[in-house]
Amino acid sequence: MKGSINARDLDDALAALQKLGAGLAPRALADALNHTANQARIALRAEMEDVFNPRPTPWVLNSIRIIHAKSSADPEAAVWVQDQGAGKNPFSAEDYLLPQVEGGERIMRRSEKYLRESGILPAGRFVVPAAGARLDSYGNIQKGHMMQILSGLKAMKLSGSDNAATDSRRSLRKGHALAFFVMKRGKTPIGIAERRGKNVAMVLAFVRQPQYRERFKFHDVVRRVAEDDAQLEANIDKAIADALAGRLPSMPSRRRR
């Protein structure tokens, strides 16, 4: 996802810029567009905090990046959503956010992949936290609790290692291998439960693939900032003042940051 920002329709502001001369005008305009792109990034972050409940994780909030404008004849800045996975996570922030922008199906998480490959999670089913799940401050099941579930069910298979609970004395002391089991309604698996002593609670429920409605107005927010002529003109005026005072920053390369 990407939203662009330019000043092609601001004739008066562009005319004022040209008075700086060919050396400074493109740099000043690029600086103004970059400031505007940063304002769009801040607005997008505020929009996510407003529309997502539970609140989004820092990883999601920090996924909005800027493509800086260069001091060319027709500069353009842009904001975009991180579109590459990192570390062991094959999914990018864009993978998670796109269904929230356009509506549609939630992607399959790694935990669901492990459960499905182990024959525990039926085809076409996904998992959501149930009443017994331990949740973090973002409303997601705690990573440690999910690890216990996957390990106890021997569904935890990571590259180069096997983290499944075993019959070793140490593993049995933890109790995970005996604590978790698949709940069924008749012959149909409906979720995963945890038994600790006399207490039994459902921790994961098997559901149809979650469908998201459009709620993160990424393009609307960028458009609102990009088309706010008064704000963009204010940024251009500031860039002109900085240029005349010799305070213009050096131009960053046009790279994704």
Side-chain angles (χ1 to χ4, degrees), residues 1-52 56-87 91-102 214-257:
M1 286 181 289
K2 188 177 83 167
S4 299
I5 298 169
N6 60 67
R8 289 167 195 152
D9 296 329
L10 299 181
D11 294 338
D12 291 343
L14 292 175
L17 275 168
Q18 297 312 311
K19 296 178 182 178
L20 292 173
L24 282 178
R27 285 181 58 199
L29 179 54
D31 182 66
L33 293 175
N34 291 335
H35 276 296
T36 307
N38 188 54
Q39 289 164 345
R41 182 188 63 80
I42 293 170
L44 287 166
R45 182 182 175 112
E47 176 78 359
M48 285 193 283
E49 291 177 325
D50 184 53
V51 302
F52 292 151
T57 65
W59 179 72
V60 172
L61 287 174
N62 295 327
S63 66
I64 307 297
R65 307 300 175 86
I66 296 174
I67 302 177
H68 288 95
K70 293 195 301 184
S71 54
S72 61
D74 187 20
E76 180 177 272
V79 288
W80 64 289
V81 178
Q82 180 95 22
D83 58 4
Q84 294 181 342
F91 301 112
S92 68
E94 185 179 57
D95 292 325
Y96 285 102
L97 286 174
L98 194 59
Q100 310 277 3
V101 174
E102 299 180 351
E214 300 175 21
R215 57 175 177 166
F216 177 34
K217 306 294 185 181
F218 175 88
H219 299 291
D220 289 348
V221 171
V222 176
R223 192 177 301 112
R224 184 174 70 241
V225 175
E227 295 179 0
D228 184 348
D229 292 350
Q231 183 62 63
L232 185 50
E233 287 175 353
N235 289 339
I236 291 175
D237 289 343
K238 181 180 183 305
I240 291 173
D242 287 343
L244 293 174
R247 295 194 301 264
L248 271 184
S250 57
M251 285 293 100
S253 59
R254 188 174 171 82
R255 57 190 174 90
R256 296 183 167 191
R257 287 180 41 181

On a heavy-atom basis, the closest approach of Val79 and Arg41 is CG1-N, 4.1 Å
Among Arg215, Glu214, Met48, which one satisfies side-chain contact (heavy atoms from CB on, under 4.5 Å) with Gln100?
-> Arg215
Could you give me the CA-CA distance, side-chain angles and deciding distance for Lys2 and Val222, then say whether side-chain contact (heavy atoms from CB on, under 4.5 Å) is met?
-> CA-CA 9 Å; Lys2 188 177 83 167; Val222 176; over 6 Å; no
Determine, stepwise, if the pair Val225 / Gln231 fulfils side-chain contact (heavy atoms from CB on, under 4.5 Å).
-> CA-CA 8 Å; Val225 175; Gln231 183 62 63; 5.8 Å; no
Gap between atom NE2 of His35 and atom CG of Leu232 - 0.5 Å precision = 12.0 Å
Note, Val101 side chain near His219 side chain (heavy atom, < 4.5 Å) = yes
Closest approach of Arg223 to Asp220 (non-hydrogen atoms, all atoms of both residues) = NH1-OD1, 3.0 Å
Please round to the nearest 0.5 Å and tell me the distance separating atom CG of Leu244 and atom CG of Leu24.
-> 7.5 Å
Nearest-0.5 Å distance that lies between atom OG1 in Thr36 and atom CG in Asp228 = 9.0 Å
Closest approach of Asn34 to Ala77 (non-hydrogen atoms, all atoms of both residues) | OD1-CB, 3.7 Å
When rounded to the nearest 0.5 Å, the distance separating CG of Asn38 from CG of Leu33 is 12.5 Å
Report yes if the side chains of Arg8 and Asp74 come closer than 4.5 Å at any heavy-atom pair, otherwise no.
-> yes
Validation row, ring centre Phe218 to ring centre Trp80 under 6.0 Å | no
Stepwise, does the salt bridge (charged side-chain N to carboxylate O under 4.0 Å, His left out) test hold for Glu76 with Lys70?
-> CA-CA 7 Å; Glu76 180 177 272; Lys70 293 195 301 184; over 6 Å; no
At their closest point, which heavy atom of Ala7 faces which heavy atom of Leu14, and how far apart are they?
-> O-CD1, 3.2 Å
Can a salt bridge be assigned to the pair Lys238 and Asp242 using a cut-off of 4.0 Å between side-chain N and carboxylate O?
-> yes
For the residue pair Asn235 and Gln39, confirm or rule out a side-chain donor-acceptor distance under 3.5 Å.
-> yes
If you round to the nearest 0.5 Å, how far is OG of Ser92 from CD of Gln82?
-> 7.5 Å
Quick one: closest heavy-atom pair of Ala43 and Val221, and the distance?
-> CB-CG1, 3.7 Å
Heavy-atom side-chain contact between Ile64 and Arg45 under 4.5 Å | no
Interatomic spacing from CE in Met1 to CG in Leu97 - rounded to 0.5 Å | 5.0 Å
Under 3.5 Å: donor-acceptor pair, side chain of Asn62, backbone of Pro58 | yes
Looking only at heavy atoms, the pair that brings Ala239 and Leu248 closest together is O-CD2, 3.9 Å
